[in-house]
Student: 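One structure, pasted below without further comment.
Chain letters run A, B, ... following the sequence lines, proteins first, then strands; residues in each count from 1.
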There are 2 protein chains.
Amino acid sequence: MLQVSRKFEYGLHAVTYLATKGFGRVVTVKEMADEIGYSQEFLSKAMQSLKRAGIAISVQGVKGGYTLGRATTDITVADIAIAIEGKPHLVRCGVKADSCEIFSSCHHRDYMNTLQHKIQDLLASTTIHTLLQEIEQ
Amino acid sequence: MLQVSRKFEYGLHAVTYLATKGFGRVVTVKEMADEIGYSQEFLSKAMQSLKRAGIAISVQGVKGGYTLGRATTDITVADIAIAIEGKPHLVRCGVKADSCEIFSSCHHRDYMNTLQHKIQDLLASTTIHTLLQEIEQ
DNA sequence: GAAAATAGGGTTAAAATAATCCTATTTAAT
DNA sequence: ATTAAATAGGATTATTTTAACCCTATTTTC
């Protein structure tokens, strides 16, 4: 349930890594993979997802690499999750709506959606900046 | 990431179903599976997990079935998640602590644990009672 | 004793996740 | 121009997780 995918973990770790390296500093995937201890190729995929979402900026070519696309105050955990895993689809009711006999009285979808929004709101209210700060007490 | 497992969904749906049937009313897995549209055998496993956690009470034998083990005000979404999927282990840093060269300066585990606790707290503060109420506005 | 229910071990099937492979493109340096 | 180092990304394979299924035992009512 509360399990985060490894790709998300890669993405979050990469973002916090870039954040500690300072805004604007370009870092290669190789450096990150070596330092952090992840698979370079898989981390590369995560970075590509972060780039598409504008969370990271890529610089191609020899002196290339990645840097943060915006301030850590403007990157939320939800941003990273969605960039990497897409919008979550929590509700997977076993019965399709049009063949569900109790659909009108069944609020299962509502409950699941409520839950989803709660989690989503929580992650959306957690910026990288606050996450970093909460640690270094 | 934010994806809930089907077994958790089964469990939550079963709990809300039992809740709407009224406290103390014993319902068979077959009835629930038919009404809700889930696999009877798999739902059965979910119920067994809920029973072990005290969320449901089982009655064996011919007139048997399940009923809620305690009031909906005393069952949280976290209870159900843990009963069904066990305690989550969010952090899966690619490097083992004793072979991690940057361990002392790496706060990744802290970030992940912080996140985990935030989600856990959210789910632990969401009771079935409130979930049911929030819908019927 | 028969029937209807939970209990639960064990195996198989399906799906999702993670890893790998390979090639293309971009760009700095020589 | 050529080379080397980097990102971009499609495609495939391997692994792991999840879901489904099978089968037997136990409990309890009638």
Side-chain angles (χ1 to χ4, degrees), chain A residues 1-14 18 25-34 36-69 81 83-90 92-94, chain B residues 1-11 13-14 18 25-34 36-69 81 83-86 88-90 92-94:
Chain A
M1 146 116 221
L2 316 170
Q3 191 75 14
V4 152
S5 77
R6 188 165 294 249
K7 200 174 170 194
F8 167 81
E9 183 170 352
Y10 278 31
L12 177 64
H13 203 155
L18 289 177
R25 157 86 184 280
V26 174
V27 180
T28 67
V29 169
K30 184 176 188 313
E31 173 184 333
M32 280 192 280
D34 285 350
I36 297 177
Y38 291 152
S39 144
Q40 184 174 333
E41 287 225 53
F42 198 55
L43 177 58
S44 171
K45 303 285 187 189
M47 294 312 301
Q48 286 170 30
S49 297
L50 293 178
K51 178 214 148 200
R52 281 185 216 107
I55 295 168
I57 289 175
S58 75
V59 178
Q60 290 198 11
V62 174
K63 291 276 184 179
Y66 289 95
T67 190
L68 287 188
I84 283 194
E85 307 190 337
K87 287 229 169 143
H89 45 293
L90 270 187
R92 296 180 295 185
C93 178
Chain B
M1 146 115 222
L2 315 172
Q3 191 75 13
V4 153
S5 78
R6 187 165 294 248
K7 200 173 170 195
F8 167 81
E9 183 169 352
Y10 278 31
H13 204 155
L18 289 177
R25 159 86 184 281
V26 174
V27 180
T28 66
V29 169
K30 184 175 188 313
E31 174 184 332
M32 280 193 281
D34 285 351
I36 297 177
Y38 291 152
S39 144
Q40 185 173 334
E41 286 224 54
F42 198 55
L43 178 58
S44 171
K45 304 283 187 186
M47 294 313 300
Q48 287 171 29
S49 298
L50 293 178
K51 178 213 148 201
R52 282 185 214 106
I55 295 169
I57 289 175
S58 73
V59 178
Q60 292 200 8
V62 175
K63 291 276 183 179
Y66 289 95
T67 189
L68 287 188
I84 283 193
E85 306 189 338
H89 45 293
L90 269 188
R92 295 180 296 184
C93 177

Student: Can you label the angle between the B:Phe42 ring and the B:Tyr10 ring as parallel, tilted or perpendicular, going by 30° and 60°?
Tutor: perpendicular
Student: Using OP1 and OP2 only, check whether a side-chain N or O of A:Ser58 sits under 4.0 Å from D:dA8.
Tutor: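 Yes, A:Ser58 has a side-chain N/O under 4.0 Å of OP1/OP2 on D:dA8.
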Student: What is the distance, rounded to the nearest whole Å, between atom CD of A:Glu85 and atom P of C:dT17?
Tutor: 7 Å
Student: At under 4.0 Å between heavy atoms, how does the protein contact nucleotides 21-30 of chain D? Give one character per nucleotide, 5' to 3', with B, S or -.
Tutor: BBB---BBBS
Student: Report yes if at least one side-chain N or O of A:Lys30 is closer than 4.0 Å to OP1 or OP2 of D:dA6; otherwise report no.
Tutor: no
Student: State the CD-CD1 distance between A:Glu9 and A:Ile84, to the nearest 0.5 angstrom.
Tutor: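 Answer rounded to 0.5 Å: 10.5 Å.
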Student: Taking the minimum atom-to-atom distance to the side chain of A:Lys7, which one of C:dA18, D:dA8, C:dG8 wins?
Tutor: C:dA18
Student: Counting only side-chain N and O atoms of B:Lys51, is one of them less than 4.0 Å from OP1 or OP2 of C:dA7?
Tutor: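 Looking at the OP1 and OP2 atoms of C:dA7, one of them is under 4.0 Å from a side-chain N or O of B:Lys51.
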Student: Quickly work out the A:Gln40 CD to C:dC21 P distance and round it to whole Å.
Tutor: 13 Å
Student: Could you measure the distance from the NE2 atom of A:His13 to the CD1 atom of A:Ile36? Nearest 0.5 Å is fine.
Tutor: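 Separation between the atoms: 4.0 Å.
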Student: How many Å lie between CG on B:Leu50 and P on C:dA7, as a whole number?
Tutor: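 Going from CG in B:Leu50 over to P in C:dA7 covers 11 Å.
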Student: Working to the nearest 0.5 angstrom, can you tell me the gap between B:Leu18 CG and B:Leu68 CG?
Tutor: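 Those atoms lie 5.0 Å apart.
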Student: May I have the distance from A:Tyr66 (atom OH) to C:dT26 (atom C1'), rounded to whole angstrom?
Tutor: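 To the nearest whole Å, that distance equals 12 Å.
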Student: Distance check needed: C:dA4 P versus B:Glu31 CD, whole Å only.
Tutor: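 Distance check: B:Glu31 CD to C:dA4 P gives 16 Å.
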Student: Could you check which of C:dT6, D:dT7, D:dG9 has an atom nearest any side-chain atom of A:Thr28?
Tutor: D:dT7
Student: Would you say A:Ser44 and A:Gln48 are linked by a side-chain donor-acceptor pair, where the criterion is simply a distance under 3.5 Å?
Tutor: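 There is such a pair (donor and acceptor under 3.5 Å, judged by atom type) between the side chains of A:Gln48 and A:Ser44.
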Student: Give the rounded distance in Å between these two atoms: CE of B:Met32 and P of C:dA5.
Tutor: 12 Å
Student: Can you find a side chain N or O atom of A:Tyr10 that sits less than 4.0 Å from OP1 or OP2 on C:dA19?
Tutor: yes
Student: With a 4.0 Å cut-off, would you call A:Glu31 and A:Arg25 a salt bridge?
Tutor: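 Yes, charged N to carboxylate O under 4.0 Å.
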Student: Under 4.0 Å from OP1 or OP2 of C:dG8: is there any side-chain N or O of B:Arg52 that close?
Tutor: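 Result: yes.
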Student: Has A:Ser44 got a side-chain N or O lying under 4.0 Å from the OP1 or OP2 atom of D:dG9?
Tutor: no
Student: Can you tell me how far apart CE (B:Met47) and OG1 (B:Thr28) are? Round to the nearest 0.5 Å.
Tutor: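 Answer rounded to 0.5 Å: 10.5 Å.
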Student: Would you kindly give the OH-to-P distance between A:Tyr38 and C:dT20, to the nearest whole Å?
Tutor: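 Spelled out: OH on A:Tyr38 to P on C:dT20 is 15 Å.
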